[in-house]
There are 2 protein chains.
Amino acid sequence: MTPQPGSPGDVLTLISTGSATTRSDLARVTGLARSTISQRVDALIERGLVEETETGESTGGRPPRQLRLHTEEHAFAGVDLGATHCRVALMDISGEILAACEDPLLIGDGPEEVLAHVDRRLDALLADAGRPRAALRAIGMGVPGPVEFATGRPNNPPIMPGWNDYPIPEYFDGPSVLVDNDVNVMALGEHRHAFPGARHLLFVKAGTGIGCGIVADGKLHRGAQGSAGDIGHIRVSGHDDAGCRCGNSACLEAVAGGAALARRLRELGLAAESAADVVALVQAGDTQALRLVREAGRLIGEVLAGLVNFFNPEVIVIGGALSRVHDHLVAGVRETIYRRSLPLATHHLSITPSRAGVDAAVLGAGLLAVEHYLSPDNINRIVNA
Amino acid sequence: MTPQPGSPGDVLTLISTGSATTRSDLARVTGLARSTISQRVDALIERGLVEETETGESTGGRPPRQLRLHTEEHAFAGVDLGATHCRVALMDISGEILAACEDPLLIGDGPEEVLAHVDRRLDALLADAGRPRAALRAIGMGVPGPVEFATGRPNNPPIMPGWNDYPIPEYFDGPSVLVDNDVNVMALGEHRHAFPGARHLLFVKAGTGIGCGIVADGKLHRGAQGSAGDIGHIRVSGHDDAGCRCGNSACLEAVAGGAALARRLRELGLAAESAADVVALVQAGDTQALRLVREAGRLIGEVLAGLVNFFNPEVIVIGGALSRVHDHLVAGVRETIYRRSLPLATHHLSITPSRAGVDAAVLGAGLLAVEHYLSPDNINRIVNA
DNA sequence: GATCTTTGTTCGTCGATCGGCGAAAGTGGC
DNA sequence: GCCACTTTCGCCGATCGACGAACAAAGATC
């Protein structure tokens with residue numbers, strides 16, 4: 001008896017990851033008897049977790065019946081709360097987005113108001129997708145500040161007044177609610193969507209501020225206090241005159257964040273209030289703005305060069321508002337990383353702009369919910385109930 | 001049936017970690033029937049993996065028979081290869097060191113000669129401990145350079161001429177051999193010995209060069225190419241004139257490594273060739289040397305401050321040759337980290353000198369071997385054989 | 001259309017686990 | 001000192017679940 005990979009939850013994991021799509025596949029992969037697999041699959045079908053599709057290709061004998069996740073009956077939500085927007089997506093159990101919406105919304109309005117808005121949007125999206133509220137199994141949410149993941153409570157978030165220690169999961173009645181930092185869920189979304197095979201990945205969000213989500217060994221690394229990835233206040237060389245809101249100087253965010261770039265453009269006499277304005281100027285062909293973005297890429301690259309040596313990831317993804325001009329930003333990042341990091345660490349490293357784009361956060365948040373629901377422990381609990 | 005934590009390997013894990021020390025404990029923790037537990041334990045005793053000790057304290061009824069790892073019959077080795085030394089320790093299955101030795105040895109003599117030396121020392125230590133060679137189940141080894149852990153082959157190590165791609169495990173016939181970077185095994189040793197409860201730990205080795213071992217979620221993080229933790233070539237501010245052997249300038253190692261400190265002391269007219277000489281000068285009360293060490297601590301702290309924001313560890317351990325003057329080094333490190341890192345990340349962070357000292361590497365290497373042997377998969381294989 | 005191959009189900013067998021029972025080995029009250 | 005009580009632990013019949021052989025299904029091959 002080897003370490004038995006045979007519980008219903010494990011079987012479902014194999015189906016959901018596509019490692020095995022038929023009963024015989026499952027028998028081969030798990031080493032269990034075909035009859036045992038049939039029994040497990042029957043239980044999963046009975047619970048509405050798996051469905052049979054058309055029979056597949058024959059390989060010389062009876063064609064197998066394909067199995068896949070039963071995508072009706074269940075629904076999951078991914079919520080992306082930003083400082084000034086709220087994006088909500090409804091997805092099925094396979095991670096496919098069924099419907100999504102985005103509205104301007106001030107996080108500073110406080111949890112009651114913001115979560116009520118989310119709740120209304122969830123109802124609307126569920127109606128669009130033709131699923132009852134009861135089908136909603138779990139909600140994943142990314143918020144712009146540090147969170148104690150285990151409890152879903154924001155931990156002294158600087159830009160979320162009124163949210164400190166607010167127990168977000170308790171607001172929703174029924175589904176499991178998982179709350180994490182927005183950069184973490186973006187990293188997860190990008191990993192699952194574009195680089196599912198990568199073991200170690202960094203996702204850098206360059207917007208008003210600068211943050212980083214860490215996927216280590218395929219899982220999110222949140223750190224001891226859930227504050228891992230906060231690279232915006234790492235010191236960069238040669239900018240000791242640049243003061244930062246954190247009280248120190250020469251922080252990455254203070255020289256390469258969207259707010260800092262806008263400020264420097266204003267000093268040059270241009271109209272720029274936010275990261276979006278900087279992007280607009282670059283897209284309009286302004287050479288000053290372009291130069292600043294490229295220089296910001298180099299500065300971000302300087303910090304990342306150190307982190308590449310330290311963490312040795314396989315992939316670095318650049319996302320966030322500034323990445324809309326990613327050609328210039330990523331060029332600066334690449335330039336510095338390849339110059340300053342060790343060859344062994346950069347040899348198989350790819351550095352790319354985000355592929356999931358604006359959906360990265362809702363996708364990652366939703367997948368956090370789906371993966372929680374599909375975890376072997378949870379499935380075994382459901383099947384044995 | 002919940003995710004069954006019931007295989008013999010799992011039972012042994014509970015015994016070895018001290019989570020359960022009696023049969024009834026095991027039944028309570030695993031949820032298995034007492035009779036099943038007895039059967040598992042009998043199998044483990046029969047294989048010589050577990051032994052019964054004196055009966056324990058009664059809690060009002062029949063006193064339980066204590067169980068623990070059977071420390072005779074098995075032996076494990078931890079090998080610490082440095083540039084100029086070789087330390088070997090023999091330990092039992094509980095991680096207790098039975099015997100140890102250290103000799104000067106040049107790694108540059110090449111694998112055949114060095115490993116032959118290790119082999120002779122192993123025989124001597126086994127004889128000391130009164131155990132037959134056949135009792136040696138596994139060997140862990142730390143080497144001063146990057147290693148492909150899965151195969152045990154050094155990967156272009158700069159200071160190990162003749163070792164590139166040499167398949168170290170094949171040299172030893174019989175026991176499993178696990179080879180890793182020396183800093184990684186030191187991190188593991190320190191974690192298991194002094195901070196077994198910490199989830200995330202960084203071990204910094206400050207010697208001739210500067211490296212870092214990473215324990216993430218209780219396990220070593222090696223990175224995509226096994227080069228994670230190479231912090232010696234991260235850039236520090238304000239030292240652009242300091243050239244480094246890697247071809248860049250302002251590398252941490254080039255300004256705060258033992259070799260760099262020795263060079264700067266020579267420029268001041270003092271006799272210092274190595275990190276050990278720097279330590280000797282500090283211990284002799286030389287104020288110039290002391291000032292340099294403290295400044296080195298600040299520079300290391302600057303790099304670590306960034307890594308604390310990024311990785312958010314619970315513990316940072318400072319080890320290596322320079323840590324013999326750890327009062328001064330650690331003071332510099334603390335000073336900068338608490339100034340430059342985010343409060344949330346430093347609030348529960350402890351920064352301490354190494355507690356395992358010179359044994360950190362052999363301890364970690366040996367534990368790598370023991371933990372490999374005690375892994376549930378391996379134990380199940382042994383019991384079912 | 002007969003045979004072969006592969007898939008999936010049914011059902012009897014067998015091994016492993018469970019849990020009750022009783023013996024062992026202590027504690028504590030009287 | 002004796003007896004009731006508690007807890008540990010081995011034994012053994014009852015039960016549960018996985019296995020695999022036999023069979024049915026469904027298409028490929030000739």
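Computed from a prediction, not measured in an experiment: that's the story for all the values here.
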[X] [atom1] to [N] [atom2]: how many Å, rounded?
| X | N | atom1 | atom2 | result |
| --- | --- | --- | --- | --- |
| B:I45 | D:dC9 | CD1 | C1' | 12 Å |
| B:L32 | C:dG19 | CG | C1' | 13 Å |
| B:N384 | C:dG15 | CG | P | 15 Å |

Next item on the list: For A:D10 and A:S7, test the side chains for any donor-to-acceptor distance below 3.5 angstrom and give the result as yes or no.
Entry: yes

Note to self: For A:S94 and A:D92, which I'm curious about, is there any donor-acceptor pair between the side chains at under 3.5 Å?
What the structure shows: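 Note: A:S94 and A:D92 side chains meet the donor-acceptor criterion.
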
Contact list (N/O, under 3.5 angstrom) for nucleotides 7-10 of chain C vs protein:
from: C:dT7; atom 1: O5'; to: A:S24; atom 2: OG; distance (Å): 3.4
from: C:dT7; atom 1: O4'; to: A:R62; atom 2: O; distance (Å): 3.4
from: C:dT7; atom 1: O2; to: A:R62; atom 2: NH1; distance (Å): 2.9
from: C:dG8; atom 1: OP1; to: A:R65; atom 2: N; distance (Å): 2.6
from: C:dG8; atom 1: OP2; to: A:S24; atom 2: N; distance (Å): 3.4
from: C:dG8; atom 1: OP2; to: A:S24; atom 2: OG; distance (Å): 3.1
from: C:dG8; atom 1: O3'; to: A:R65; atom 2: NH2; distance (Å): 3.2
from: C:dG8; atom 1: N7; to: A:R34; atom 2: NE; distance (Å): 3.1
from: C:dG8; atom 1: O6; to: A:R34; atom 2: NH2; distance (Å): 3.0
from: C:dT9; atom 1: OP2; to: A:S38; atom 2: OG; distance (Å): 2.3

Notebook entry, point to check: Counting distance only, does the side-chain N/O of B:E73 pair as donor-acceptor with the main-chain N or O of B:A135 below 3.5 Å?
Noted result: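 Not a single qualifying donor-acceptor pair exists.
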
Item checked: With sequence neighbours excluded, residues passing side-chain contact (heavy atoms from CB on, under 4.5 Å) with B:H193 -> B:A356, B:L363

Notebook entry, point to check: Does the gap between the ring centers of B:H221 and A:H200 come in under 6.0 Å?
Noted result: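 Judged by ring-centre distance (under 6.0 Å), B:H221 and A:H200 do meet the cut-off.
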
